[in-house]
There are 2 protein chains.
Amino acid sequence: MTKNTTYKMTVCPMTYVLEILGDKWSFLIIRDMLFKGCCQYKQFIESDEGMATNILANRLKKLTQHDLITQCKDPNNGRQKLYHLTTKGLDLVPAILHLIKWSGKHDSETLLSEKIMHYLEHRFDDAVDIVKQEYRQKCHVETVN
Amino acid sequence: MTKNTTYKMTVCPMTYVLEILGDKWSFLIIRDMLFKGCCQYKQFIESDEGMATNILANRLKKLTQHDLITQCKDPNNGRQKLYHLTTKGLDLVPAILHLIKWSGKHDSETLLSEKIMHYLEHRFDDAVDIVKQEYRQKCHVETVN
DNA sequence: GGGAATTACTTTCATTATGCAAGCAATCGA
DNA sequence: TCGATTGCTTGCATAATGAAAGTAATTCCC
């Protein structure tokens with residue numbers, strides 16, 4: 001199949017992803033895990049956006065039920081739970097980076113640095129690898145320490 | 001900047017895109033425009049998902065205000081309006097295709113054909129081009145006829 | 001060992017969004 | 001000119017959301 005072949009993309013369902021992530025908060029939770037290293041309830045609450053506690057609990061449960069994240073007790077502090085992205089969750093990285101790229105391109109007040117923007121535009125696949133790799137390292141450090 | 005350079009992706013805002021598209025319906029409207037060729041109010045209403053008329057009107061207005069779509073009168077039928085994606089709207093194609101790809105991969109009941117799935121996995125950039133190209137052709141035909 | 005602090009929720013209740021049904025105005029075809 | 005089509009808008013019942021307060025389990029500190 002070459003690029004010039006007419007290839008009708010007719011049936012393209014996306015209700016599944018919208019069922020799980022079709023709201024304002026779910027994507028932000030995953031973004032905070034990826035880029036801010038959030039893995040505790042407290043950290044999400046303290047994050048910029050000001051999510052209500054009940055909404056956070058609701059979304060963490062939903063994301064867990066759909067196997068995008070896992071919950072486990074912090075071995076060093078029984079009060080705390082640790083939340084981590086699963087492989088299924090990490091699979092969202094390309095989609096999320098495209099959404100971020102789009103935001104950076106079309107939001108005149110974006111906080112996205114030109115450096116990162118440039119990287120997303122010219123080395124997208126590398127960016128995906130880096131984000132995943134950094135996340136896995138972060139996770140490993142946090143769960144082992 | 002090579003792939004091996006540690007490149008911290010720390011500031012990655014996506015509130016802008018979620019402000020506009022952070023709900024169940026907005027993405028579906030754009031998907032219907034891209035893949036089902038919907039460009040009239042009626043067509044969106046008749047589409048699978050069963051969107052309420054007030055919600056549709058609300059979302060079309062919002063997407064228009066944010067310049068993702070344009071509205072114009074059908075020159076051949078004054079009762080009808082035609083809705084079309086702008087360049088800014090079409091810029092969402094990569095993100096949407098990744099969301100569709102993710103849905104196809106992780107939804108056990110997906111309707112996405114293996115053929116398209118394979119294409120999304122191995123020729124993603126071509127898929128983006130094809131979808132955009134097909135949409136532009138469709139648009140041209142519809143607005144000129 | 002006991003009281004205060006921390007963490008992760010849950011509950012309550014006011015506000016907002018959604019969804020269905022019906023209505024309305026402009027346009028068109030006969 | 002009259003009914004049908006199209007693209008909305010309105011009213012109202014129901015569901016989701018959000019702020020504030022409460023709760024239970026654990027840990028820290030003396």
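Keep in mind that what you see is a predicted model, and the values were worked out from it rather than measured. In what follows, chains are A, B, ... by sequence order, proteins preceding strands, each numbered from 1.
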**Asked** Do A:Ile30 and A:Val93 have side chains that get closer than 4.5 Å, going by heavy atoms?
**Response** no
**Fill in**
side chain to side chain contact (heavy atoms under 4.5 Å, CB included) test vs B:Ser26 passes for just one of B:Ile20, B:Leu21, B:Leu68, namely B:Leu21
**Prompt:** Does the side chain of B:Lys73 get closer than 4.0 angstrom to OP1 or OP2 of C:dT27 through an N or O atom?
**Reply:** yes
**Prompt:** Rounded to the Å, how far apart are B:Arg79 CZ and D:dG3 P?
**Reply:** 16 Å
**Message:** From CD of A:Glu19 over to C1' of D:dA16, roughly how many Å is that when rounded to an integer?
**Reply:** 15 Å
**Fill in**
Separation of C:dT6 atom P from A:Ile45 atom CD1, nearest Å, is 16 Å
**Asked** Between D:dT6, D:dG18, C:dT10, which nucleotide has the shortest distance from any of its atoms to the side chain of A:Thr53?
**Response** C:dT10
**Message:** Is there a side-chain contact between A:Arg31 and A:Lys36 in this structure, where contact means two heavy atoms from C-beta onward sitting under 4.5 Å apart?
**Reply:** yes
**Within residues 54-64 of chain B: residues closer than 4.0 Å to DNA chain D (heavy atoms)** = B:Asn54, B:Ala57
**Message:** Rounded to whole Å, please give me the gap between CD in A:Glu46 and P in C:dA8.
**Reply:** 10 Å
**Prompt:** How are the rings of B:Phe124 and B:His98 set relative to one another: parallel (under 30°), tilted (30 to 60°) or perpendicular (over 60°)?
**Reply:** parallel
**Item:** Residue mapping more 5' on DNA chain D - nearest nucleotide basis, B:Asn77 or A:Asp23
**Value:** B:Asn77
**Asked** Donor-acceptor pair, B:Trp102 side chain versus B:Asp107 backbone, under 3.5 Å?
**Response** no
**Prompt:** Which of the following nucleotides, C:dA8, D:dG7, C:dC28, is nearest to the side chain of B:Gln40?
**Reply:** D:dG7
**Asked** Separation of A:Ile69 atom CD1 from C:dA8 atom P, in whole Å?
**Response** 13 Å
**Message:** Does B:Glu114 have more than 12 heavy atoms from other residues, nucleotides or ligands lying within 6.0 Å of its CD?
**Reply:** no
**Asked** Under 4.0 Å: is that the gap between some side-chain N or O of A:Trp25 and OP1 or OP2 of D:dG18?
**Response** yes
**Prompt:** B:Tyr41 has a side chain; which of D:dG7, D:dT27, C:dA26 sits nearest to it?
**Reply:** D:dG7
**Item:** d(CD, B:Gln80; P, C:dC28) in whole Å
**Value:** 10 Å
**Request:** Nearest whole angstrom, please: distance from the P of C:dT7 to the CZ of A:Phe44.
**Result:** 15 Å
**Prompt:** Where the side chain of A:Thr64 meets the backbone of A:Thr70, is there a donor-acceptor pair that is under 3.5 Å apart?
**Reply:** no
**Message:** Rounded to whole Å, how long is the line connecting atom NZ of B:Lys24 with atom P of C:dA17?
**Reply:** 18 Å
**Asked** Is any side-chain N or O of B:Lys42 closer than 4.0 Å to OP1 or OP2 of D:dT6?
**Response** yes
